[in-house]
Amino acid sequence: METAVKTKLAVDGGSPVRNRFLPFGGPALGEEEIDEVVATLRSGWIGAGPKVLQFEKELSAYVGAKHVLSTSSCTAGLHLSLIAGGIGPGDEVITTALTFGATANSVVHQGATPRFADIDESTLNLDVQAVERAITPKTKAIIPVHFGGLPVDLDAFRALARDRGLLLIEDAAHAIGARYKGRPIGDGENPTCFSFYANKNLTTAEGGAVAVNDPDLAEKIRVYSQHGLTGDAWKRYSGGSLKLSHVVVPGYKYNLTDLQASLGLHQLRKQEDYWEIRERYAKIYDAAFAEFSDVRRQPRPDGVLDRHALHLYILRIDPAAYTVCRNQIVEALLAENIGAAIHYRALHTHPYYAERFGYQPDDFPHAHAVGETIFSLPCTPGMSEDDVYDVIEGVTKVLSAYRR
C-alpha cells in the first residue's frame with residue numbers, strides 16, 4: 001500500500017470509490033426488532049413498562065451485575081450515578097481529557113468541577129498515574145472511559161479509588177460487550193454507565209443504563225430517574241387497584257420506554273454474533289492498514305480474557321507524514337462516500353472548558369496530540385464485507401494522495 005498509485009480524489013473532482021454513502025455507525029436492525037416494536041404499539045403500553053423490566057433483567061445477566069437501571073441516555077446514567085454517590089458543589093471529579101462532552105458535562109450539571117487528566121498515548125485510555133497526580137483534597141470521584149471499547153486498567157483504578165476513598169464510575173458508553181480479565185464490563189463492582197445511542201453496538205435509538213451491585217445505590221438511581229417518586233408508572237397504572245406514590249426527592253425524567261426496550265431486547269440477544277462480525281472486519285482492516293508505517297492503531301487484546309468491544313475502529317496519523325491535517329483527510333474520505341468520523345477532539349480544547357477553567361491545549365499533551373490526529377472508520381454488523389473493502393480502498397486512496 002505504501003506504493004499505491006495516486007489517483008484524483010473525489011474532493012478534487014475525481015470519482016468516489018462508492019456510489020452510495022456508507023454512514024458511520026449505521027444500526028443493524030432486523031425483522032425481530034421491527035416486529036417487537038409493532039407488538040408494543042399494539043399492546044397499548046408504550047411507556048416504561050414490562051419490556052423495560054425484561055430488558056433490564058436480561059442486560060443484568062449479560063453484564064453480570066445484580067441491578068441494571070435503564071435510562072434515557074448514558075449521560076443521564078452518569079448524572080444519576082453522581083447524584084446517588086453524593087457528589088455536589090465544591091467537589092471535584094477527575095476524568096479523561098479525551099472523551100465526548102457528556103462525561104464532563106454530567107459533572108458540571110451536578111454543580112461539581114470536572115478535572116481532566118491525560119491519557120496513555122498508546123491505549124488512548126485515562127492514565128491512572130496522571131489521575132493520582134491530579135487528586136486534591138476536593139476530589140470525590142473518578143470517571144475513566146473505556147475509550148472506543150478498550151477496557152481501562154480497572155484493577156489499578158479500583159485500587160486507587162479504594163485507597164483514596166473515592167467513588168469510581170465507569171463511563172462504558174463504548175464498552176457493551178467488552179471484557180476485563182474474563183469479566184464483562186459492567187459487572188457491578190462500581191456504577192457502570194452504558195449508551196444505547198443509534199450508532200452504538202447495542203441500540204435502543206436513544207437510551208442507556210447503569211449497572212451496579214449495591215442495592216441502596218440502585219434504589220437511589222431508580223427513584224431519581226423517575227421524578228423522585230417511590231413507584232414508577234407501570235406500578236401505578238398497570239393493575240386494578242389504587243397504588244399511591246410519593247415524591248421523596250426532586251428527581252428527573254430519565255427513564256427508558258417499552259418502545260425503546262423492544263429494540264434493545266433483540267439487540268442484546270445478538271451481541272455476541274455482532275461482536276464476532278466487528279472483530280472479523282477489524283482484522284481485515286488490521287491487515288490492510290499494517291502496511292502504513294505512518295498510521296497507528298489502538299491496541300486490541302486477544303479476545304479471550306480481555307476483549308475490546310470495538311465500538312470504534314480508530315486510526316491515528318503521523319501529521320509529519322502528510323501534506324494536510326486530519327480534518328482534511330476526513331473531508332476527503334467523506335467525499336469518497338466513506339463515513340469516517342472524529343472521536344474526539346480533546347475536551348479541554350473545546351471553548352466551554354478552555355474558557356471556564358482556563359485550560360491550555362498543552363496542559364494534557366497526549367490527549368491534545370491524539371485529538372488532532374485521530375479518526376474512526378465504519379465497523380458495524382450493518383455493513384457487508386464489500387463495504388469493508390470499499391473503506392480500505394477509500395483510506396488507501398486518500399492517504400496515498402496526501403502522503404509526503
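Only a predicted model underlies this, so the values are computations on that prediction, with no experimental measurement involved.
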Inset, instruction - Apply the test side chain to side chain contact (heavy atoms under 4.5 Å, CB included) to residues V131 and L160: give CA-CA distance (whole Å), side-chain angles for both, the deciding distance (0.1 Å), then the verdict. - result: CA-CA 9 Å; V131 170; L160 178 61; 3.8 Å; yes
Check whether [X] reaches the backbone of [Y] with its side chain - one donor and one acceptor, N or O, closer than 3.5 Å.
X: D12; Y: K8; value: no
X: N337; Y: R18; value: yes
X: Q328; Y: C325; value: yes
X: S400; Y: K397; value: no
X: H348; Y: P361; value: yes
X: D118; Y: A97; value: no
X: T230; Y: S245; value: no
X: D120; Y: N125; value: no
X: Q226; Y: N255; value: no
X: R326; Y: P319; value: no

How close do [X] and [Y] get, heavy atom to heavy atom, and via which atoms?
X: V304; Y: R179; value: O-NH1, 4.2 Å
X: L268; Y: L59; value: CD2-N, 3.4 Å
X: Y402; Y: A332; value: CE1-CB, 3.9 Å
X: T75; Y: A102; value: OG1-CB, 3.2 Å
X: L256; Y: G207; value: CD1-CA, 3.7 Å
X: D306; Y: D302; value: O-OD1, 3.7 Å

Inset, instruction - Kindly indicate whether the side chain of Y353, heavy atoms from C-beta on, has any atom under 4.5 Å from the side chain of F116. - result: yes
Legend entry - 4.5 Å side-chain heavy-atom contact, S106 and L80: no
Looking only at side-chain N and O atoms, does [Y] offer a donor or acceptor that is under 3.5 Å from a partner on [X]?
X: N201; Y: Y274; value: no
X: H146; Y: Y180; value: no
X: E36; Y: S262; value: no
X: Q267; Y: Q271; value: no

In terms of side-chain geometry, is the basic nitrogen of [X] or [Y] positioned less than 4.0 Å from the acidic oxygen of its partner?
X: R158; Y: E170; answer: yes
X: R164; Y: E132; answer: yes
X: R269; Y: E32; answer: no

Is it the case that atom [atom1] in [X] sees more than 12 heavy atoms from other parts of the structure closer than 6.0 Å?
X: K140; atom1: NZ; result: yes
X: I46; atom1: CD1; result: no
X: N19; atom1: CG; result: no
X: Y285; atom1: OH; result: yes

Inset, instruction - Go through the steps for C193 and V210 under the test side chain to side chain contact (heavy atoms under 4.5 Å, CB included), then give the verdict. - result: CA-CA 5 Å; C193 303; V210 183; 4.1 Å; yes
Would you please indicate if the ring centroids of [X] and [Y] are separated by under 6.0 Å?
X: F24; Y: H343; result: yes
X: F196; Y: F55; result: yes
X: Y281; Y: Y313; result: no

Legend entry - F375 vs I317, side chain to side chain contact (heavy atoms under 4.5 Å, CB included): CA-CA, chis, key distance, verdict: CA-CA 9 Å; F375 64 97; I317 62 164; 3.7 Å; yes
Inset, instruction - Assign the ring pair Y344 / F147 to parallel, tilted or perpendicular, where the plane angle (0 to 90°) is split at 30° and 60°. - result: perpendicular
Inset, instruction - Look at the rings of Y254 and H79 and say which category their plane angle falls in: under 30° parallel, 30 to 60° tilted, over 60° perpendicular. - result: perpendicular
Inset, instruction - Kindly determine whether K200 and F194 satisfy side chain to side chain contact (heavy atoms under 4.5 Å, CB included), including the steps that lead there. - result: CA-CA 10 Å; K200 293 300 194 293; F194 295 104; over 6 Å; no
